[in-house]
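One-based numbering along the sequence shown.
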Amino acid sequence: VRVTAETKKKSGGGGEGDGVGDGDADSGGGVTEIIAKFAIVAVPPRVAAARVAFSPPLPSEQLARMSATATWAGDWCKVVASFKTPFWRANGDSGVAQMPRSALFSVTWEAGGGDELGERGNCLAGVNFGKAACARLDSFGPHADPATGRSPAALRAAVVDDLASVFGREVIEEQLLEVYHQAWMGEPLTWDDGDGGNGGGDPRGMYGHKLLRRPTGWGVHWAGTETEAAYGHVEGAVMAG
């Protein structure tokens, strides 16, 4: 992807006007060009630094700061299991469980409470962290349905085993509808190794730095969780926008 400062003929006016050009190869091998007064780059700073060519180049100190800023939740992986009913609620449980160390995910929580909460699904979600956890999840093979993220049969069976160890096999096997998963380290618009990854620590102390927020003089602005001091989850992205 290229983002450039360009001067273009104004349509119908014959004059000159500054703009931002965004070019990317299309499926036919050509280039699709978009001209605008301003562009908002909302991909994580490290990904933008690695995969977007800016012309004129960004200042070296700004590019270095972007490259050093780890993506929020970039090395996380999640599993979501959907069920016929929120059986955990019927049992007086919250759905929160600390999983055994051998499990694919470290903790579960309620991600959909069904009709009782006015939600369409009855779901438990699980999360784990780091390269090893993401690689383990990906080792089960590609999604059975890439469009929805539905998991292959082998991963579904492994998730049944993990949930059964906490909630009981009978109820999990009787209630389970589908399993979905995602390891964000495999997503090119989310993850770039940059200066070595997240290093296993919490990256949020890096967020909201003035260099992550400074617009260019030719129309490029920045948005997203990492650019906002009210970091983490969705708040940073909303406030940056």
Side-chain angles (χ1 to χ4, degrees), residues 1 3 22 38-54 58-81 95-99 103-112 121 123-138 143 146 148-149 151 180-216 220-241:
V1 176
V3 176
D22 177 5
F38 302 99
I40 298 174
V41 177
V43 297
R46 178 178 284 175
V47 174
R51 301 186 183 161
V52 180
F54 295 92
L58 299 177
S60 58
E61 62 175 357
Q62 186 173 26
L63 196 64
R65 171 60 62 172
M66 292 168 64
S67 297
T69 302
T71 301
W72 171 246
D75 62 348
W76 292 21
C77 52
K78 287 186 178 181
V79 170
V80 176
V96 175
Q98 183 71 46
M99 303 300 293
L104 288 167
F105 33 94
S106 61
V107 64
T108 67
W109 68 94
E110 181 182 87
C123 301
L124 293 175
V127 66
N128 213 335
F129 316 92
K131 290 185 176 181
C134 289
R136 185 180 176 200
L137 203 62
D138 283 341
H143 292 100
T148 63
S151 303
Y180 306 87
H181 76 283
Q182 181 64 52
W184 277 276
M185 291 185 73
E187 289 294 317
L189 294 180
T190 300
W191 178 259
D192 186 86
D193 279 332
D195 62 352
N198 287 9
D202 189 333
R204 291 177 290 178
M206 310 175 185
Y207 297 170
H209 192 279
K210 62 182 180 181
L211 291 176
L212 301 178
R213 302 163 60 90
R214 180 189 295 170
T216 69
V220 176
H221 297 257
W222 314 96
T225 291
E226 297 82 5
T227 66
E228 176 55 52
Y231 43 68
H233 306 287
V234 75
E235 297 99 305
V238 170
M239 293 184 70

Undergrad: Please name the pair of heavy atoms, one in Pro215 and one in His221, separated by the smallest distance, quoted to 0.1 Å.
TA: CB-ND1, 3.6 Å
Undergrad: Tell me, yes or no, whether the heavy-atom count around Ile40 atom CD1, taken from other residues, nucleotides or ligands under 6.0 Å, exceeds 12.
TA: no
Undergrad: Is there side-chain contact between Met206 and Arg46, with heavy atoms separated by less than 4.5 Å?
TA: no
Undergrad: Under a 3.5 Å distance rule, please check whether Thr108 uses its side chain to pair with a backbone N or O of Gly95 as donor and acceptor.
TA: yes
Undergrad: Examine distances only and state if a side-chain atom of Glu226 and a backbone atom of Tyr207 form a donor-acceptor pair shorter than 3.5 Å.
TA: no
Undergrad: Drop me the distance from Gln62's CD to Ser67's OG, to the nearest 0.5 angstrom.
TA: 10.5 Å
Undergrad: Considering the options Thr190, Asn128, Val127, which one meets the side-chain contact (heavy atoms from CB on, under 4.5 Å) requirement together with Trp76?
TA: Val127
Undergrad: If every non-hydrogen atom of Pro188 is compared with every non-hydrogen atom of Val47, which pair is closest and at what distance?
TA: O-CG1, 3.6 Å
Undergrad: Looking at side-chain heavy atoms only, is the closest gap between Leu212 and Met66 below 4.5 Å?
TA: yes
Undergrad: Between Thr148 and Tyr180, is the side-chain contact (heavy atoms from CB on, under 4.5 Å) condition met? List the steps.
TA: CA-CA 8 Å; Thr148 63; Tyr180 306 87; 3.9 Å; yes
Undergrad: Within the 4.5 Å heavy-atom criterion, are Arg51 and Asp192 side-chain neighbours or not?
TA: yes
Undergrad: What is the minimum heavy-atom distance between Leu104 and Arg136, and which atoms define it?
TA: CD2-NE, 3.6 Å
Undergrad: Within the 4.5 Å heavy-atom criterion, are Asp75 and Lys131 side-chain neighbours or not?
TA: no
Undergrad: Using modelled atom types only, decide if a donor and an acceptor are shared between the side chain of Trp222 and the backbone of Arg214 within a distance under 3.5 Å.
TA: yes
Undergrad: Can you find a pair of side-chain heavy atoms, one from Ser106 and one from Phe129, that are under 4.5 Å apart?
TA: yes
Undergrad: Mind checking the OG-NE2 spacing from Ser151 to His143? Nearest 0.5 Å is all I need.
TA: 6.0 Å
Undergrad: To the nearest 0.5 Å, how far apart are NZ in Lys210 and CZ in Arg65?
TA: 10.0 Å
